[in-house]
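Okay, so here's the structure we're looking at.
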Amino acid sequence: MKRVRFAPSPTGNLHIGTLRTALFNWLFAKRYNATYILRIEDTDKARSKPEYEGNIYEGMDWMGIIEDEGPKKGGKFGPYRQTERIVDGIYQKQLDRLLEEKKAYYCFCTDHDLDGEREDAKHKNRPYIYSRKCLHLSAEEIDEKLKSDISRTVKFEIPDTKSLIVSDGVRDDIDFDCRLISDFVLLKSDGNPSYNYSVVVDDALMGITDVIRGEDHISNTPRQLLLFKALGFTPPQYHHLPMILGQDKSKLSKRHGATAVTDYENQGYLSDALYNFLALLGWSPTDTTEIFDRTSLSTLFSMDRISKSNAVFDVTKLKWMNGQYIRSLEPAALAEKVKPFIDDINLAILDTYTESDVVKIIYSVRDNIALLPDINGYLESFNTSFISFSEKVKSFQFSDSEKQVVLDFCCSVFEHSEFTSENISETMDVIVTKNDGKKGKVFKPIRKALIGLERGPNIVEIVSLLGKDVLSERASFLGKYFSA
RNA sequence: GGCCCUAUCGUCUAGUGGUUAGGACACAUGGUUUUCAUCCAUGCAACCGGAGUUCGAUUCUCCGUAGGGCUACCA
């Protein structure tokens with residue numbers, strides 16, 4: 001059984017790029033029947049915040065990505081939060097082995113020393129490699145320094161290998177020259193494991209078989225692979241995903257506008273749409289289908305169709321896709337999604353209707369909506385307020401023939417005992433026929449006179465929902481107004 | 001600077017040693033619609049450059065170029 005993990009660090013709100021990584025891990029799990037693990041990498045004490053971890057859960061929940069094992073869910077390989085694993089001594093235990101086997105060593109160099117070496121390397125146009133000053137310390141020297149309160153780290157000694165092959169599930173084998181890689185920190189001076197160290201220990205101990213992550217981790221991979229070997233664990237298969245870029249083709253970041261998943265939720269995107277859209281950023285099916293439900297995505301997804309090149313995040317297409325999803329929703333489901341985005345003014349309008357009419361109203365304007373809050377621009381037509389209506393009507397000019405059409409309609413429509421769409425439509429048809437089949441000459445004045453607006457959803461729908469009472473109020477007003 | 005990855009319409013992408021290089025978004029035009037929107041049709045638009053391999057390269061190789069990533073006691 002394969003095991004994959006999504007390992008975000010709670011140092012900010014869940015990012016769209018991070019979410020994509022989670023999604024691909026999730027899709028991999030669904031497709032290849034793997035266990036999906038959520039691990040919180042919070043070893044950066046300064047930047048990690050509980051509220052960010054909460055934001056991650058919130059985003060995962062919204063997207064419907066549910067972990068099989070994780071901090072909240074538990075599991076046999078826990079704990080799943082790195083700070084808790086530190087307390088359990090998990091990293092220390094492995095570190096002792098490395099120290100014992102002389103694969104790692106204490107380093108007492110100061111920031112100042114290290115910065116100097118780095119500057120020197122830069123000056124000489126050479127890659128920075130740690131001088132290994134501390135590798136050659138005698139046992140006595142080390143003991144003495146360890147007893148003092150002098151700051152120390154533990155570093156990994158990079159083996160002198162010319163060629164280290166990293167196999168990647170997405171691209172060809174990648175060849176690294178280890179002589180160009182500097183010894184790096186395993187244990188930070190604050191006593192916490194570094195990322196490159198903790199990630200290896202955790203992936204190893206949690207039995208991770210496949211690591212699916214962003215391409216920005218490629219250069220970390222040789223270090224991690226070396227650590228796997230030094231610890232005697234079998235490394236996972238790595239798969240490096242292309243990056244998501246902003247419009248200017250640089251790494252997607254805050255300056256590109258909305259990048260937090262919650263931003264998209266708040267703007268009125270449907271999680272289904274984002275899910276579908278993100279899946280298509282770096283993966284493509286064998287045919288030209290673009291709209292997938294979650295189930296078919298889970299079965300169609302495959303690692304061998306992941307692309308290698310970075311992708312620009314195109315909000316315009318996401319917006320289009322959101323519209324597609326909105327239009328595919330059933331009336332009740334659409335109403336439920338839309339309601340939280342309706343503003344107070346429009347809420348007041350809807351309050352004058354029954355629950356089932358509200359659902360019909362919302363459904364009647366679905367073609368005009370790309371983002372959920374767009375609904376607010378289309379509800380005015382259903383305003384039953386007489387004051388607001390009469391004021392709007394007074395701003396229009398009506399010709400005599402237009403007045404006649406409106407009056408005709410008002411007379412005929414009340415012949416129906418019920419205001420169903422069919423009945424209203426039938427009345428309309430009669431009037432259109434009377435006017436030489438010229439629909440424009442009928443629909444436009446009726447909309448202006450009865451609604452007080454020039455645009456809006458289907459007039460037949462509006463009239464049937466407005467109902468008899470409101471319409472008779474308006475009709476009698478128009479009767480007086482037109483003859484005045 | 002060093003190391004690594006990548007390169008097809010503006011964007012997301014499909015694809016092949018010989019194709020009219022396909023689809024989607026966007027854009028333009030036309031149609032349907034009472035209007036807006038939706039929907040439908042059509043159009044516009046791409047193989048980064050140079051060598052090499054080959055009868056033939058967008059496709060394979062190399063070299064450039066461009067973009068991206070990493071180069072931390074951040075993850």
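Scope of the values below: all heavy atoms of this structure, side chains included, with no hydrogens, waters or symmetry mates. Just so you know, these numbers come straight off a predicted model, no measurement behind them.
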task: Go along nucleotides 30-41 of chain B 5' to 3' and tag each nucleotide: B for a protein heavy atom under 4.0 Å from its base, S when only backbone or sugar atoms are that close, - otherwise.
output: ----BBBBSS--
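Contacts of A:Lys251 with the nucleic acid, taken as non-hydrogen atoms under 4.0 Å apart, involve only primed sugar atoms and P, OP1 or OP2. Using a 4.0 Å heavy-atom cutoff across all strands shown, A:Lys308 reaches sugar-phosphate atoms only and no base atom.
Only the C1' atoms considered, B:rC40 is 46 Å distant from B:rU54, to the nearest whole Å. Taking the C1' atom of each, B:rC63 and B:rU53 are spaced 15 Å apart, rounded to whole Å. Rounded to the nearest Å, the gap between the C1' atom of B:rU59 and that of B:rG18 is 11 Å. With both ends at atom P, the span from B:rA24 to B:rC3 equals 44 Å, rounded to whole Å. The separation of B:rG49 from B:rG10, taken at their P atoms, amounts to 13 Å, rounded to a whole angstrom. Rounded to a whole angstrom, the distance from the P atom of B:rC9 to that of B:rA46 is 9 Å. B:rC60 and B:rG17: their P atoms are spaced 9 Å apart (whole Å). Nucleotides B:rC73 and B:rA66, compared at atom P, are 31 Å apart to the nearest Å.
With sequence neighbours left out, the side-chain contact (heavy atoms from CB on, under 4.5 Å) criterion links A:Ser271 to A:Trp62, A:Met63, A:Arg294. Listed by chain and residue number, A:Phe301 satisfy the ring-ring contact (aromatic ring centres under 6.0 Å, His included) test with A:Phe24 (two or more places apart in sequence, or in another chain).
In this structure, B:rU38 forms no base pair with any nucleotide, since neither Watson-Crick nor G-U wobble geometry is met with both distances under 3.5 Å. Base pairing annotation: B:rA57 forms no Watson-Crick or G-U wobble pair, as no partner gives both donor-acceptor distances under 3.5 Å. Summarising the base pairing, B:rG67 is matched to B:rC5 through a Watson-Crick or G-U wobble pair whose two defining distances lie under 3.5 Å. When both distances must be under 3.5 Å, the Watson-Crick or G-U wobble mate of B:rU32 does not exist.
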Considering only nitrogen or oxygen atoms on both sides, find all protein atoms under 3.5 Å from nucleotides 73-75 of chain B and state each distance.
from, atom 1, to, atom 2, distance (Å)
B:rC73, OP1, A:Arg118, NH2, 3.4
B:rC73, O2, A:Ser189, N, 2.7
B:rC73, O2, A:Ser189, OG, 2.5
B:rC73, N3, A:Ser189, OG, 3.0
B:rC74, OP2, A:Lys188, NZ, 2.8
B:rC74, O2', A:Asp44, OD2, 2.9
B:rC74, O2', A:Arg47, NH2, 3.0
B:rC74, O2, A:Arg47, NH2, 3.4
B:rA75, OP1, A:Thr43, OG1, 2.7
B:rA75, OP1, A:Lys188, NZ, 2.7
B:rA75, OP2, A:Tyr195, N, 3.0
B:rA75, O3', A:Glu41, OE1, 2.8
B:rA75, O2', A:Ser9, OG, 3.1
B:rA75, N6, A:Asn220, OD1, 3.3
B:rA75, N6, A:Asn220, ND2, 3.2
B:rA75, N1, A:Asn220, ND2, 3.4

For nucleotides 63-67 of chain B, list the nitrogen or oxygen atoms of the protein found under 3.5 Å from its nitrogen or oxygen atoms, one pair per line.
none

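Which of B:rG15, B:rC25, B:rU6 sits closest to the side chain of A:Arg305 comes down to B:rG15. If you check B:rC3, B:rG69, B:rG15 against the side chain of A:Met243, the one that comes closest is B:rG69. Taking every side-chain heavy atom of A:Arg171 into account, B:rU6 is the closest of B:rU13, B:rG69, B:rU6. Listed candidates were B:rA7, B:rC12, B:rC5. Nearest to the side chain of A:Val312 is B:rC12. Taking the side chain of A:Ser219 as heavy atoms from C-beta on, and the options B:rG1, B:rC70, B:rA24, the nearest nucleotide is B:rC70.
Dense packing is recorded around CD of A:Glu51, with more than 12 heavy atoms of other residues, nucleotides or ligands lying under 6.0 Å away. A:Lys392 NZ: more than 12 foreign heavy atoms inside a 6.0 Å radius. Residue A:Asp173 qualifies as enclosed at atom CG: its count of foreign heavy atoms under 6.0 Å is above 12.
Residues A:Arg31 and A:Leu300 form no side-chain contact, since every pair of their non-hydrogen atoms from C-beta on lies 4.5 Å or further apart.
For A:Leu281 and B:rA14, the CG to P distance is 12 Å, given to the nearest whole Å. A straight line from CG of A:Asn276 to C1' of B:rU13 spans 14 Å, rounded to a whole angstrom. Rounded to whole Å, the distance from CD on A:Glu119 to P on B:rG1 is 18 Å. The interatomic distance linking A:His240 (NE2) with B:rC70 (P) rounds to 12 Å, in whole Å. Rounded to whole angstrom, the span from the CD1 atom of A:Ile306 across to the C1' atom of B:rU13 amounts to 14 Å. Atom CG of A:Leu278 and atom P of B:rU13 are 11 Å apart (whole Å). Whole-Å rounding puts the A:Glu117 CD to B:rA72 C1' distance at 14 Å. The CZ-P distance, from A:Phe176 to B:rC3, rounds to 12 Å in whole Å.
Take the nearest nucleotide of RNA chain B for A:Asp173 and for A:Pro285: the residue whose nucleotide is more 5' is A:Asp173.
We find the CG-OH distance between A:Asn276 and A:Tyr325 to be 3.5 Å, quoted to the nearest 0.5 Å. Atom-to-atom distance recorded for A:Ile306:CD1 and A:His239:NE2 is 8.0 Å, nearest 0.5 angstrom.
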Would you tabulate the side-chain donor-acceptor contacts of residues 359-377 of chain A under 3.5 Å, counting partners in other chains and residues two or more places apart, or write 'none'?
from, atom 1, to, atom 2, distance (Å)
A:Ser364, OG, A:Ile361, O, 2.6
A:Arg366, NH1, A:Tyr363, O, 3.1
A:Asp374, OD2, A:Ala370, N, 3.1
A:Asp374, OD2, A:Leu371, N, 2.9
A:Asn376, OD1, A:Asp343, N, 2.9
A:Asn376, OD1, A:Asn346, ND2, 3.2
A:Asn376, ND2, A:Phe341, O, 2.9
A:Asn376, ND2, A:Pro373, O, 3.2

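A:Asn383 places no side-chain N or O within 3.5 Å of a backbone atom of A:Ile349 that could act as its donor or acceptor partner.
Here the options are A:Arg132, A:Lys103, A:Lys155, the test is salt bridge (Lys or Arg N to Asp or Glu O under 4.0 Å), and the partner is A:Asp183; only A:Arg132 passes.
Of all the heavy atoms in A:Ala22 and A:Ile65, the pair that sits closest is C-CD1, 4.3 Å. Contact between A:Ala279 and A:Leu23 at its shortest, heavy atoms only, is N-CD2, 3.6 Å.
A side-chain donor from one of A:Gln404 and A:Asp408 sits under 3.5 Å from a side-chain acceptor of the other.
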